[in-house]
Visitor: 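Shown below is the structure under consideration.
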Amino acid sequence: MTTQQRTDTSRAATEPLREDIRLLGGILGDIVRDQAGPQVFDLVERARVESFRVRRSEIDRAELAELFADVDVDSAIPVIRAFSHFALLANLAEDLHRERRRMVHVRAGEPPQDSSLAATYAKLDAALLDPAVVAESLSGAQVVPVITAHPTETRRRSVFEIQSRITELMHRRTHPERDPDEIDLELRRQVLALWQTALIRLARLRIQDEIEVGLRYYDAALFEVVPRLNASLRRELRRRWPDADLLREPMLRTGSWIGGDRDGNPYVTAEVVHRATHRASATALDRHLHDLERLEQELAMSARLVTVTPDLAALADASGDQSPSRADEPYRRALRGMRARTTEAAIAILGDDTARMSSAALTDTGLDPYRTPGQLLADLGVVDASLRAHGDEVIADAHLATLRESVQAFGFHLAGLDLRQNSEVHGEVIAELFAWAGVHSDYRSLDEADRVALLAAELRTPRPLTRPGTEFGERTTSELAILAAAAAAVDDIGPGAIPNCIISMCTSVSDMLEAAVLLKECGLLVPGSPDRPAPNVVPLFETIEDLRGGAATLRAALAVPEYRALVDAHGGLQEVMLGYSDSNKDGGYLAANWALYRAELDLVDAARETGIRLRLFHGRGGTVGRGGGPSYEAILAQPPGAVTGSLRITEQGEVIAAKYAQPPMARRNLEALLAATLETTLLDVEGLGADADDAYRLLDDLAERARVAYSALVHETPGFVEYFTTSTPVAEIGALNIGSRPASRKPTRAITDLRAIPWVLSWSQSRVMLPGWYGTGTAFESWVADDPARLATLSDLYARWPFFRTVLSNMAMVMAKSDMGLAARYAELVPDTDLRDRVFGRITAEHARTVRMYREITGNDSLTADNPALERSIYNRFPYLEPLNHLQVELLRRYRAGDDSDLVRRGIQLTMNGLATALRNSG
């Protein structure tokens, strides 16, 4: 099918989407004219029309740029806001259309076109799997999306709530019994409220704000979706394999980094850790109290009409409820007692913060608090058993079942908060502690073997290295306080509050043991105490070199008896985190992706040889340059044995709202994670068979060629750092109150010290998207040369191998969002014309080379041939991005020329936010 045929077919199928966009865009246009005035509206309309003329090649892009060359900043701001709001409304329309198309398939009795559990169950049925193999493979199964803070997801709660109301109104427009005029009037009210609500904050986002942003998704969708999905999954699997012991624990849980990730972030303090853990606990307990109250109202059965079990009667009698109106309502009395004990648990955990909780909490109950979620679950089990004893299964399977699933999945902690710190910091703190305690005066001078021996000996003794009142340096004092706050959270809430300690830039066994010693020092690890399991010590292998050596590091750590004891205390589970962002920044797109695949293969072998269970944590970002792309395909592209029923995966940036802002979206995306995990665990999805070793050797070759090409530009070109910092808004990302953390780990201009998020975000804003493709075209072209057989080999791998297909598909996705014409406008910001020409010339040449090789290998005539949703998005919305890019360049030029007025700064920030919203996975 040609591009034009695909476009015509897509246009016919997506007319409802275009109607929605026209409706919302028309409402927004009316509001811009009324609120900002006809002059601003005319400028917006001229920009819109001229942008479409650029796409049709009717005018040169420079003519559109001239439109904004002398624009007054007071006029520029509402123009930026208009196009940013349109991008936000277009996102809503696209999400609605995707859900609408999904329901068309559901109503037709077909699996939806996007990945779903229904399609996965059909594949499992066809595979005729051995129940014993299924049970073993899914033992300890766990899928955990981990929400992280991100500078491009800065929408305020008020904006978030207006979006939700607009989405609900657009849903209601499809119901014929609704008055469309009334709904359209309410839509206008909501879009007007959106226009008059600031999209971004004036002050730098604080970690406290980021904590609240992360928590909002629970009420928005996760509380509804996660328990239902866990129940559905358990039911479907047990129906297929009734004799297998499957999923005693929820497979789907949630995690968080917000408030615990202090790698390069000086704003994470002990107070922040306390706030993050206790606000999460308050959110979970608040939900449980609401659900208990609702259940109390529903279960009004009279003892005169039903006979309850003795256990339920005892629970009712123990509730302390003396109300005459409930004297013959044992379920209500039992649930009121459970609500009282949950209230007391909240008071015990949260103290004065309990006052911020809902009216579902009770006062002056006099009952003992629940000490663990398991106690609440046991009482809910009593209610369930009693209902079933008198034939009320249909009631037990409704809200009660959902509440039980919710308590299992969220406990009293809601989401485990991971601690993360750089290995270099751990080493500094250990050195100071050892020097003070007289263990060794100069720990950093020791070689690796001596460090390991010293640290292992320390893990054998319960004695502390410090004592109360000891004064240390600022960094050591801060780290010890943070770890003490984490230990207090475990004491207050339970071990689920702090499940993992992640070591950034982990390169050695001593890096892993240092973290363990620090956990021991704060009481999170008690040697020889099975009653208090320590957080998992999780090495994070980030650079290509560290990924290559990761399996050797893990084997060596497991050979240390003291460390092996920690792993055994967790049932032999060892989690390893893989860094997508820094490996990409280190070696480029293809080299990083292959280094990750090779590392997983090696880690699987190491786990098999050492007899441990391996769980991989994928540190993926929103954009392809940071491991982003469709989650379903990404999981299916993992090597054999790398999933085994469990994985954790970071969710960050503007994709969080795209995935979890509404229940239908959350369900679809969480289903995709579960579906891919089941398929990768239980089915052979690699598809290479006996050809695997040959394919691996070929990718070794291609990855090295790509790395060399990437390094020649990024690490070896004189002046490249200057080109990057002047042709992109990277400097402004650090200066303009975007996100809570600094843009760099250290105060340097080195690419290696720059955080991956601003590295990728900067290239996305300038529409180069360099981290998602550079070097790949050269690798393919140099290997194929003029040999048709070699090209056929690559085409065959694309057809058969999910990993290779996903790498190319994701690369095509990000390249489709690139625009070398717009990138040239950013290149004009580089003062050194010779440097500009040299670097930008190499970028454009590699871009053309990569597009050509993609087409030759895949046989696709366009970058969006296998991604109709992206093709629709590009067609419908990308002309609206043009003005944002041109205005960003213009405002950057003024800012760098010395105009640092509030309006110019705010305009740059608004363009960043608008472009990130429109591109959806840009950071």
Visitor: Would the distance check show the side chain of Asn230 and the main-chain N or O of Leu252 forming a donor-acceptor pair, the cut-off being under 3.5 Å?
Guide: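 Flag set: sc Asn230 to bb Leu252 pair under 3.5 Å.
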Visitor: Check Asp291, Val407, Leu289 against Thr342 for a side chain to side chain contact (heavy atoms under 4.5 Å, CB included) and give me the one that passes.
Guide: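 Exactly one pass, corresponding to Leu289.
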Visitor: Walk me through it: do Leu23 and Arg173 pass the test side chain to side chain contact (heavy atoms under 4.5 Å, CB included)?
Guide: CA-CA 11 Å; Leu23 171 69; Arg173 287 187 88 250; 3.4 Å; yes
Visitor: Under 3.5 Å, side chain of Asp397 to main-chain N/O of Val394, donor-acceptor pair present?
Guide: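 A pair under 3.5 Å: no.
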Visitor: Do Glu329 and Met301 touch side chain to side chain, with heavy atoms closer than 4.5 Å?
Guide: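 Side chain of Glu329 against side chain of Met301, heavy atoms only: no contact under 4.5 Å found.
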Visitor: Under 4.0 Å between a Lys/Arg side-chain N and an Asp/Glu carboxylate O for Arg46 and Glu50?
Guide: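 Salt bridge: no.
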Visitor: Going by side chain to side chain contact (heavy atoms under 4.5 Å, CB included), Lys659 matches just one of Leu670, Leu673, Asn669. Which one?
Guide: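 By the side chain to side chain contact (heavy atoms under 4.5 Å, CB included) criterion, Lys659 pairs with just one of Leu670, Leu673, Asn669: Asn669.
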Visitor: Does any pair with a residue in residues 78-87 pass side-chain hydrogen bond (donor to acceptor under 3.5 Å, both in side chains), and if so which ones, sequence neighbours excluded?
Guide: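 Residue pairs passing side-chain hydrogen bond (donor to acceptor under 3.5 Å, both in side chains), neighbours aside: none found.
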Visitor: Do side-chain atoms of Asp392 reach the backbone of Ile395 as a donor and acceptor pair under 3.5 angstrom?
Guide: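 Not confirmed, Asp392 side chain does not pair with Ile395 backbone.
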Visitor: Tell me whether Arg279 is salt-bridged to Asp286, with the criterion being a basic N under 4.0 Å from an acidic carboxylate O.
Guide: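 Looking at Asp286 together with Arg279, the answer is no, because their closest N to O distance does not fall below 4.0 Å.
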Visitor: Does Arg216 form a side chain to side chain contact (heavy atoms under 4.5 Å, CB included) with Glu212? I'd like the steps, not just the answer.
Guide: CA-CA 6 Å; Arg216 72 167 59 140; Glu212 298 304 319; over 6 Å; no
Visitor: Looking at Ala193, is its backbone amide N or carbonyl O close enough to the side chain of Thr197 to form a donor-acceptor pair, meaning the two atoms are under 3.5 Å apart?
Guide: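 Checked: pair present.
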Visitor: Quick one: does any side-chain atom of Asp384 pair with a main-chain N or O of Leu380 as donor and acceptor, under 3.5 Å?
Guide: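 No; judged by distance alone, with no hydrogens or angles, the pair does not exist.
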Visitor: Using atom types as modelled and distance alone, determine if a side-chain donor or acceptor of Thr167 lies under 3.5 Å from a backbone N or O of Gln163.
Guide: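 Present.
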Visitor: With a 4.0 Å cut-off on N to O distance, would you call Asp42 and Arg33 a salt bridge?
Guide: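 Here Asp42 does not pair with Arg33 in a salt bridge, since their nearest N and O are not under 4.0 Å apart.
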Visitor: Could Arg668 and Glu671 be called an ion pair, given the rule that one side-chain N must be under 4.0 Å from one carboxylate O?
Guide: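 A salt bridge is absent here (no side-chain N lies under 4.0 Å from a carboxylate O).
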Visitor: Is the gap between the ring centers of Phe223 and Tyr217 under 6.0 Å?
Guide: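 Not close enough - the centres of the two rings lie 6.0 Å or further apart.
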Visitor: List for me each residue that meets side chain to side chain donor-acceptor pair (under 3.5 Å) alongside Tyr660, sequence neighbours excluded, and say none if there are none.
Guide: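 Per chain and number, Tyr660 pairs via side chain to side chain donor-acceptor pair (under 3.5 Å) with Glu651.
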Visitor: Does the side chain of Leu67 reach to within under 4.5 Å of the side chain of Val71, using non-hydrogen atoms?
Guide: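 Sidechains of Val71 and Leu67: no contact.
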Visitor: When you check the gap from the basic side-chain N to the acidic O, do Arg188 and Asp184 get nearer than 4.0 Å?
Guide: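 Looking at Asp184 together with Arg188, the answer is no, because their closest N to O distance does not fall below 4.0 Å.
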Visitor: Under 3.5 Å, is there a donor-acceptor pair between the Ser764 and Lys817 side chains?
Guide: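 Result is no, nothing qualifies.
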Visitor: Can Glu296 and Arg332 be counted as an ion pair, charged N to O under 4.0 angstrom?
Guide: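 The answer is no: the pair does not qualify as a salt bridge.
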Visitor: Between the side chain of Gln765 and the main-chain N/O of Met912, is any donor-acceptor distance below 3.5 Å?
Guide: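 Answer holds: yes.
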Visitor: Using a 3.5 Å distance criterion without hydrogens, assess whether the side chain of Arg48 forms a donor-acceptor pair with backbone atoms of Tyr880.
Guide: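 Not confirmed, Arg48 side chain does not pair with Tyr880 backbone.
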Visitor: Would you confirm whether Thr343, through its side chain, and Leu362, through its main-chain N or O, come within 3.5 Å as a donor-acceptor pair?
Guide: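 Yes, the answer is positive, given that a donor and an acceptor are paired below the 3.5 Å cut-off.
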Visitor: Got Asp34 and Leu192 here, is their nearest side-chain heavy-atom distance under 4.5 Å?
Guide: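 No, their side chains stay 4.5 Å or more apart.
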Visitor: Could you pull out all residues at least two apart from Arg253 that satisfy salt bridge (Lys or Arg N to Asp or Glu O under 4.0 Å)?
Guide: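 Salt bridge (Lys or Arg N to Asp or Glu O under 4.0 Å) check on Arg253 returns Glu249.
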Visitor: Could you list the residues that satisfy side-chain contact (heavy atoms from CB on, under 4.5 Å) with Gln190, not counting sequence neighbours?
Guide: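 For Gln190, the residues satisfying side-chain contact (heavy atoms from CB on, under 4.5 Å) (neighbours in sequence not counted) are Ile162, Arg165, Ile166, Leu169, Glu186.
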Visitor: Take the angle between the ring planes of Tyr218 and Phe410 and call it parallel below 30°, perpendicular above 60°, tilted in between.
Guide: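 Correct class here is perpendicular.
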Visitor: Can you list the residues that meet the ring-ring contact (aromatic ring centres under 6.0 Å, His included) rule with Tyr121, with sequence neighbours excluded?
Guide: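 Tyr121 satisfies ring-ring contact (aromatic ring centres under 6.0 Å, His included) with no other residue.
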Visitor: Mind checking side chain to side chain donor-acceptor pair (under 3.5 Å) for His886 and listing every partner two or more places apart, or none if nothing turns up?
Guide: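 Once residues adjacent in sequence are excluded, the partners of His886 under the side chain to side chain donor-acceptor pair (under 3.5 Å) criterion are Arg825, Glu882.
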